[in-house]
Amino acid sequence: MSPLLFVAAALAGGVGSVLRYVVDQGVARFAGRRYPWGILLINLTGSFALGLVTTALPEQLFLIGAGLIGGYTTFSTAMLDTVALQRGGARRAAAFNAVGMLVLGLLAAGAGLALGAALR
């Protein structure tokens, strides 16, 4: 990997992180903070985008996938939200956050892979 590609991926990761924050805050303003809808949206759109990039733009996978999408998505926040929901007594919401995000994320990634393959 060239030093330029490494720096570009790091910068793309920073952009992805800022984009995650903006999306999460925007969704929270619209939908409220009782459930982490923003993180769900981020992880589902990120899963879809990574599937799409993997098949449609494989030569850009490191820069866009590891960099931009890697900075954008957040498994750790999703798991922390799950624990917070559980501790707050929202057991169904916690279960949906853990299991639902996994299942929906797999479906989104599969849809992205299928679309990327169709575009290629």
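Just so it is clear, the values below take in all heavy atoms, side chains as well, and ignore hydrogens, waters and symmetry mates.
Counting only residues at least two apart or in different chains, side-chain hydrogen bond (donor to acceptor under 3.5 Å, both in side chains) contacts with residues 79-93 comprise T82-N97. Listed by first and then second residue, the side-chain hydrogen bond (donor to acceptor under 3.5 Å, both in side chains) pairs involving residues 13-25 are Q25-R33 (not counting sequence neighbours).
L19 is not connected to V53 by any chain of hydrophobic side-chain contacts under 4.5 Å among Ile, Leu, Val, Met, Phe, Trp and Tyr, and they are in different clusters. By the rule that hydrophobic residues join a cluster once side-chain heavy atoms approach within less than 4.5 Å of another member, W37 and I39 end up as members of one cluster. I64 and I42 fall into different hydrophobic clusters, where Ile, Leu, Val, Met, Phe, Trp and Tyr residues are linked whenever their side-chain heavy atoms come under 4.5 Å apart, directly or through other members. A single hydrophobic cluster is not seen to contain both F48 and L57; linkage of ILVMFWY side chains at heavy-atom distances under 4.5 Å, directly or through other members, places them apart.
The other members of the hydrophobic cluster of V7, by chain and number, are L11 (side-chain heavy atoms under 4.5 Å, ILVMFWY only).
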Return a table of donor-acceptor pairs under 3.5 angstrom between the side chains of residues 100-119 and protein atoms on other chains or two or more places apart.
none

Ignoring hydrogens and angles, write down the donor-acceptor pairs under 3.5 Å from the side chains of residues 70-78, residues two or more places apart or on other chains.
unit_1, atom_1, unit_2, atom_2, d
Y72, OH, T45, OG1, 2.8
T73, OG1, I69, O, 3.1
T74, OG1, T77, N, 3.2
T74, OG1, T77, OG1, 2.8

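Listed here is the closest heavy atom pair of R120 and A56: NE-O, 3.5 Å.
In this view, T54 satisfies the side chain to side chain donor-acceptor pair (under 3.5 Å) rule with no residue, not counting sequence neighbours.
For the pair L68 and L63, the minimum side-chain heavy-atom distance is 4.5 Å or more.
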